Undergrad: 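My structure is below; once you've seen it, I'll send some questions.
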Amino acid sequence: MSPYLALRRARHLSTATSAAIKPVTISQTKSKLRNVYDPDEALKIYSSFTAANDPSTSPASTRYAQELAVRRLAKSHRFSDIKNFLESHKSLPQITQEPFLSSLIRSYGVVGMFENAINTYNEMTDLGTPRSTLSFNALLSACVQSKVFDRVPVYFYEFPAKFGFSPDKFSYGILIKAYCEMGSPETAMEKLKEMEEKGVEIGVISLTTILHALYKKGSSDEAENFWHEMVTEKGCQPDVGYYNVKLWHIHGGKPEAVKGLIEEMNNAGIKPDTISYNYLITCYSVNGMMDEAMKVYNDLLKAKGCNPNAATFRILVFHLCKKERFMTGYKVFKQSVKVGKIPEFNTLKYLVEGLAKKGHMTEAKAMIRTMNKKFPPELLKAWGKIMEELGLAHVDIEEVNSTGIEKVVDLDKIEKAST
DNA sequence: CTAGGGTTAG
């Protein structure tokens with residue numbers, strides 16, 4: 001039985017509408033999946049990937065769909081469903097393939113189910129899956145994502161000897177991240193020595209992790225000395241990630257400084273990315289310079305060649321609301337919907353309330369219609385009261401009725417198709 | 001076929 005069917009049978013899952021999905025590239029798959037907010041819908045897409053056994057569906061897309069389904073279930077607090085879904089993979093023949101099992105460990109990690117991740121790793125011998133750094137690194141990542149940082153060094157110094165492999169640069173990268181998260185960049189720096197002794201390559205990524213941790217601790221001098229040393233001794237070259245750490249460090253200050261550092265990047269031949277520009281947008285916004293912030297946003301795609309991400313939209317919508325520029329906020333919101341990167345619920349609630357308060361009822365209603373499609377019912381429940389107060393309650397009722405009907409019709413189709 | 005830089009709430 002497919003994982004999806006197993007879960008449906010266990011839970012009598014409701015199923016929403018969807019067209020048949022034929023992914024071609026990973027980026028197309030991602031943009032489609034980003035628009036899927038209903039966890040059951042996400043599960044259905046995942047099962048269509050696995051059931052079709054289509055060679056044009058890359059393993060990366062399947063993994064992305066699995067993580068997305070699990071994320072959506074977590075958003076609805078359906079943790080026992082996550083367990084049923086992921087555990088059902090263990091009876092499939094592919095479970096003896098390490099990448100397949102590793103993706104289960106990763107999926108447990110992204111939703112903070114660290115106990116299930118380590119249990120899965122421990123079961124590998126019984127399941128007949130060989131252990132290399134691949135599953136090991138998946139486990140270490142799961143610990144970091146679940147924020148159980150102190151388990152990382154424990155496993156790091158236990159499993160490689162026990163199972164006969166050597167930690168690689170990724171393993172060390174995660175170990176360094178864990179020490180940094182535990183507030184100990186000093187220990188992380190000691191690991192660099194260990195890497196050198198073992199002949200493991202030290203890359204710019206691990207160094208930026210440490211640099212960031214030093215800045216976070218407030219030791220700017222130490223951070224800059226550390227980096228200077230790495231540049232002169234290890235010949236380490238700054239990249240966009242390095243500059244983004246520096247931008248993080250200064251973006252609470254004057255916009256001129258942020259702008260200057262971005263110019264410096266351009267002069268150094270390092271192209272600032274969306275994250276870099278988000279710092280500039282944030283900096284302008286908190287300084288009340290919304291026109292400048294909007295100008296950066298408007299230039300982003302055309303002049304800078306960067307796509308705005310969900311954070312870009314969130315920052316702008318929030319600060320535009322703060323300045324009571326709700327109609328501009330609404331325009332930005334519409335663009336975020338168009339590219340499938342809408343801000344989270346509370347930011348949008350802020351905007352709807354502002355629009356209604358200023359009498360822009362058409363826009364407020366349009367937003368509610370969109371939000372009803374994009375957020376889980378649990379979140380929308382608290383919504384009813386607010387809409388009543390704003391005189392928008394009927395919008396909600398209409399919407400619920402129409403989706404209700406669609407669900408019944410589609411469920412019928414699914415039953416027929418799966419028998 | 002993996003690690004960082006963002007992802008808090010306001």
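Labels below follow one simple rule: chain letters A, B, ... track the order of the sequence lines, proteins then strands, and each chain is numbered from 1. Computed from a predicted model, the values in this text were never measured in an experiment.
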Undergrad: Residues from residues 211-230 of chain A sitting under 4.0 Å of DNA chain B, heavy atoms only?
TA: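 Here the set is A/His212.
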
Undergrad: When you check the gap from the basic side-chain N to the acidic O, do A/Asp291 and A/Lys323 get nearer than 4.0 Å?
TA: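 Salt bridge absent between A/Asp291 and A/Lys323.
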
Undergrad: Name every residue in residues 333-342 of chain A that has at least one heavy atom under 4.0 Å from any atom of DNA chain B, in order of residue number, or write none if there are no such residues.
TA: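 Correct list: empty, so none.
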
Undergrad: May I ask you to decide if the ring planes of A/His89 and A/Phe85 are parallel, tilted or perpendicular, using 30° and 60° as cut-offs?
TA: perpendicular

Undergrad: Do A/Lys193 and A/Glu197 meet the salt-bridge criterion of a basic N to acidic O distance under 4.0 Å?
TA: no

Undergrad: Just distance, no hydrogens or angles: give the donor-acceptor pairs under 3.5 Å from side chains in residues 280-290 of chain A, sequence neighbours left out.
TA:
| from | atom 1 | to | atom 2 | distance (Å) |
| --- | --- | --- | --- | --- |
| A/Thr282 | OG1 | A/Asn278 | O | 2.8 |
| A/Ser285 | OG | A/Ile281 | O | 2.8 |
| A/Asn287 | ND2 | A/Cys283 | O | 2.7 |

Undergrad: With sequence neighbours left out, which residue pairs that include part of residues 151-171 of chain A fulfil the salt bridge (charged side-chain N to carboxylate O under 4.0 Å, His left out) condition?
TA: A/Glu158-A/Lys162, A/Lys169-A/Glu201

Undergrad: Is the shortest side-chain N to carboxylate O distance from A/Lys234 to A/Glu196 below 4.0 Å?
TA: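 Yes.
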
Undergrad: Starting at NE2 of A/His251 and ending at C1' of B/dT7, how long is that distance when rounded to a whole Å?
TA: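 Taking atom C1' of B/dT7 as the reference, NE2 of A/His251 is at 13 Å.
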
Undergrad: Could you state the CD1-P distance from A/Ile210 to B/dG5, rounded to the nearest angstrom?
TA: 11 Å

Undergrad: Can you list, by residue number, the residues of residues 182-189 of chain A that have a non-hydrogen atom closer than 4.0 angstrom to DNA chain B?
TA: none

Undergrad: Do A/Glu186 and A/Lys217 sit within salt-bridge range, that is, some charged N less than 4.0 Å from a carboxylate O?
TA: yes

Undergrad: What verdict does the side chain to side chain contact (heavy atoms under 4.5 Å, CB included) test give for A/Glu324 and A/Phe326, after you've listed the backbone C-alpha separation in whole Å, the side-chain angles of each residue and the deciding distance to 0.1 Å?
TA: CA-CA 5 Å; A/Glu324 305 229 306; A/Phe326 300 113; 3.9 Å; yes

Undergrad: Does anything in residues 314-331 of chain A reach DNA chain B, meaning a heavy atom under 4.0 Å, and if so which residues?
TA: A/Arg314, A/Phe318

Undergrad: Mind checking what makes salt bridge (charged side-chain N to carboxylate O under 4.0 Å, His left out) contact with A/Lys254, not counting sequence neighbours?
TA: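 With neighbours one apart ignored, the set is empty.
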
Undergrad: Just to confirm, is there a sub-4.0 Å distance from OP1 or OP2 of B/dT7 to any side-chain nitrogen or oxygen of A/Arg71?
TA: no

Undergrad: List the residues meeting salt bridge (charged side-chain N to carboxylate O under 4.0 Å, His left out) with A/Lys259, not counting sequence neighbours, and say none if there are none.
TA: none

Undergrad: Nearest-Å distance, CG (A/Leu101) to C1' (B/dT2)?
TA: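 Interatomic distance, CG of A/Leu101 to C1' of B/dT2: 15 Å.
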
Undergrad: What is the separation between atom OH on A/Tyr242 and atom P on B/dA3, rounded to the nearest whole Å?
TA: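 To the nearest whole Å, that distance equals 24 Å.
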
Undergrad: Need one value for A/Ser171: base, sugar-phosphate or nothing, where a base atom within 4.0 Å counts as base even if backbone is also close, heavy atoms only.
TA: nothing

Undergrad: Quick one: list whatever passes salt bridge (charged side-chain N to carboxylate O under 4.0 Å, His left out) with A/Asp150, sequence neighbours left out.
TA: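 With neighbours one apart ignored, the set is empty.
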
Undergrad: Have a look at A/Ala60 and say if it touches a base, only the backbone sugar-phosphate, or nothing, with a 4.0 Å heavy-atom cut-off.
TA: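 Counting heavy atoms under 4.0 Å across all strands, the contact made by A/Ala60 is with sugar-phosphate only.
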
Undergrad: Near DNA chain B, under 4.0 Å by heavy atom, which residues of residues 256-291 of chain A?
TA: A/Asp273, A/Ile275, A/Tyr279

Undergrad: Are any side-chain N or O atoms of A/Glu363 and backbone N or O atoms of A/Leu355, one a donor and one an acceptor, separated by less than 3.5 Å?
TA: no

Undergrad: Do A/Thr209 and B/dG4 share a donor-acceptor pair, side chain to base, under 3.5 Å?
TA: no

Undergrad: Using 4.0 Å as the upper bound for N to carboxylate O, is an ion pair formed by A/Asp40 and A/Arg78?
TA: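 Here A/Arg78 pairs with A/Asp40 in a salt bridge, since their nearest N and O are under 4.0 Å apart.
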
Undergrad: Nearest-Å distance, OH (A/Tyr243) to C1' (B/dG5)?
TA: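 Those two atoms, OH and C1', are 14 Å apart.
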
Undergrad: Which heavy atom of A/Tyr279 sits nearest to which heavy atom of A/His251, and what is that distance?
TA: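 Nearest pair, atom of A/Tyr279 first, then A/His251: CD2-CG, 3.6 Å.
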
Undergrad: Applying side chain to side chain donor-acceptor pair (under 3.5 Å) as the test, list every pair that has at least one member in residues 330-342 of chain A; sequence neighbours left out.
TA: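 Every side chain to side chain donor-acceptor pair (under 3.5 Å) pair that includes a residue of residues 330-342 of chain A, provided the two are not neighbours, is A/Tyr297-A/Gln335.
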
Undergrad: Determine: side-chain N/O of A/Lys169 to OP1/OP2 of B/dG4, distance under 4.0 Å, yes or no.
TA: no

Undergrad: Remember a base hit wins even if backbone is also touched, and classify A/Leu134 as base, sugar-phosphate or nothing at under 4.0 Å, heavy atoms.
TA: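 Base: the residue A/Leu134, judged by heavy atoms under 4.0 Å, touches a nucleobase.
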
Undergrad: Can you tell me the distance, in whole Å, between the CG atom of A/Leu348 and the P atom of B/dA9?
TA: 14 Å

Undergrad: Check every strand shown and say whether A/Val240 touches a base, only sugar-phosphate, or nothing at a heavy-atom separation below 4.0 Å.
TA: base

Undergrad: My understanding is that only residues two or more places apart in sequence, or in another chain, count here; which of them pass side-chain hydrogen bond (donor to acceptor under 3.5 Å, both in side chains) with A/Glu344?
TA: A/Thr347

Undergrad: Can you say whether a donor on the side chain of A/Asp239 sits under 3.5 Å from an acceptor on the base of B/dG4, or the other way round?
TA: yes

Undergrad: Could you tell me the separation between the CD1 atom of A/Ile205 and the P atom of B/dG6, rounded to a whole number of Å?
TA: 13 Å

Undergrad: Please indicate whether A/Lys322 has more than 12 foreign heavy atoms, meaning atoms of other residues, nucleotides or ligands, lying under 6.0 Å from its NZ.
TA: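 Counting other residues, nucleotides and ligands, NZ of A/Lys322 stays at 12 neighbours or fewer.
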
Undergrad: Can you check the A/Asn309 CG to B/dT7 C1' distance for me, whole Å?
TA: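 It works out to 9 Å between those atoms.
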
